[in-house]
Amino acid sequence: MNVLVTGGAGYIGSHTCVELLQAGHRVIIADNLSNASADVPERIAVIAGAAPVFYQVDVRDKDALREIFRAYAIDSVIHFAGFKAVGESCREPLKYYRNNIDSTLTLLEVMGEFGCKTIVFSSSATVYGPNNPVPYREDMPANVATNPYGWTKLMIEQILRDQASADPEFRAVLLRYFNPIGAHPTGLLGDDPNGIPNNLMPYVARVAAGILPKLTVFGGDYDTPDGTCLRDYLHVVDLAKGHLAAIDYAASHPGAEAINLGTGSGVSVLELVHAFTRATGREVPYVIGPRRDGDLPMVWADAGKAKALLGWTAEKTLEEMCRDSWSFASKAGNR
Ligand code: NAD
Ligand code: UFG
């Protein structure tokens, strides 16, 4: 298949491109490099043994997208492109609504012009909002977000459902990711945030490398076994494989289907810190600090639907996630 991957130079997109290429698909990346390095396509090619086609374009640029669809008969699209920082989305909401919504609308319009009807979208566990009990199931209400980033995911899910209602041949899979961590085992691809990381694993890796002095654990008084928050961490390579299963599923299933991608179990902040030290031999000094606004005590997936519909389950262990995160973060040139 010819697969257009928007945001394919980013963290999850780049790992997905590797899996797509290794499975024999032709991969066409559209990425404006607003949050990725120019050498990522080359790194993907080194790992996969086949090169993706790379277009440095903004997905909101309709003419640039049309050029891609004219050059390649695109069978399906995986849409990663967008901004993803929760805190920044609260400070600059318009930037998030403009980029995330506009890129999706432009993409869908151009797909329509060229008769491409299959899309896999990067949604998030954030759509379950603050009111559902764990484990989150796809049939639970997902209609309240707690920040503009989350609202863009809810809005885009709705746009895709509306499009599926309007066109009986339209096929969309809305993948609700839980907490992707880890990196490619080669150490060539990984999560490389600019500045001080907001997310736990990149922060832990920088503390382990001695770049940051210590981790602050946000809250030690939650009603959880060790008082710290539980999350459903999954390896980014497992997540990437879920996309392969999703494009196969989407190709023959009209409609819009939401599917969780998670392991189905919760791991606490302190469990992750200890697993990191076991897996890498690196100490991670930490202090327990105050709770972070907006954090939920417990988030994990019911992973049954992904298994039933896609035949997908997460396979890699927490130790593998930690080891691979570290081998990427500790490599010269990745920071
Ligand atoms: P990322 O920032 O590493 O990748 C996004 C890519 O999209 C970047 O390479 C960026 O340059 C590109 N991009 C952004 N706007 C663009 C535009 N208008 N045109 C072209 N390219 C554009 O993020 P990621 O972690 O790989 O996330 C991918 C998707 O998954 C995002 O939609 C994100 O919201 C979603 N998601 C991520 C997580 C997570 O924890 N990483 C969790 C849930 C959902
Ligand atoms: N944490 C710390 N210290 C840190 C960073 C994080 O203790 O320095 C804790 C958080 O309090 C949380 C856990 O580590 O308990 C995970 O935090 P992350 O920021 O890594 O991930 P979140 O679960 O908060 O957020 C993720 C994605 C968001 C998405 C959200 C919704 O990053 O994009 O899941 O499920 F919206």
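We count ligands from 1, going down the list as the structure has it; atoms in each ligand are counted the same way.
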**OP:** Evaluate the side-chain hydrogen bond (donor to acceptor under 3.5 Å, both in side chains) criterion for residues Thr16 and Glu19: first the C-alpha distance (whole Å), next the side-chain angles of each, then the deciding distance (0.1 Å), finally the verdict.
**Re:** CA-CA 5 Å; Thr16 302; Glu19 299 299 322; over 6 Å; no

Subject >> Test ring-ring contact (aromatic ring centres under 6.0 Å, His included) applied to His243 and Phe80, step by step >> reply: CA-CA 11 Å; His243 291 75; Phe80 293 102; 5.0 Å; yes

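Checked by atom type, the side-chain pair Gln158/Asp162 shows a donor-acceptor distance below 3.5 Å. Side-chain contact annotation: Ser122 with His79, donor-acceptor N/O pair under 3.5 Å absent. At a cut-off of 3.5 Å, with distance as the only test, no side-chain donor of Arg176 or Tyr136 sits close to an acceptor on the other residue. Glu109 and Thr106 form no side-chain donor-acceptor contact under 3.5 Å, judged by distance and modelled atom types alone. Side chains of Glu88 and Tyr96: a donor-acceptor N/O pair is present below 3.5 angstrom, by distance only.
Screening residues 221-240 for ring pair (Phe, Tyr, Trp, His ring centres under 6.0 Å), with sequence neighbours left out, gives no hits.
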Do any nitrogen or oxygen atoms of ligand 2 lie under 3.5 Å from a protein nitrogen or oxygen, and which ones?
| residue | atom | partner | partner atom | Å |
| --- | --- | --- | --- | --- |
| ligand 2 | 3 (N) | Thr216 | O | 2.9 |
| ligand 2 | 7 (O) | Phe218 | N | 2.8 |
| ligand 2 | 11 (O) | Asp295 | OD2 | 2.6 |
| ligand 2 | 17 (O) | Arg292 | NH2 | 3.4 |
| ligand 2 | 19 (O) | Asn199 | ND2 | 3.0 |
| ligand 2 | 19 (O) | Arg292 | NH2 | 2.9 |
| ligand 2 | 20 (O) | Asn199 | ND2 | 3.3 |
| ligand 2 | 20 (O) | Leu200 | N | 2.9 |
| ligand 2 | 21 (O) | Asn179 | ND2 | 3.2 |
| ligand 2 | 23 (O) | Asn179 | ND2 | 2.9 |
| ligand 2 | 23 (O) | Arg231 | NE | 2.7 |
| ligand 2 | 24 (O) | Arg292 | NH2 | 2.9 |
| ligand 2 | 32 (O) | Asn199 | ND2 | 2.9 |

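Near ligand 1, residues Gly7, Ala9, Gly10, Tyr11, Ile12, Asp31, Asn32, Leu33, Ser34, Asn35, Ala36, Val57, Asp58, Val59, Arg60, Phe80, Ala81, Gly82, Lys84, Asn99, Ser122, Ser123, Ser124, Tyr149, Lys153, Tyr177, Pro180 come within 4.0 angstrom through at least one heavy atom.
Qualifying side chain to side chain donor-acceptor pair (under 3.5 Å) partners for Asp58, counting only residues two or more places apart in sequence or in other chains: Asn32, Arg60.
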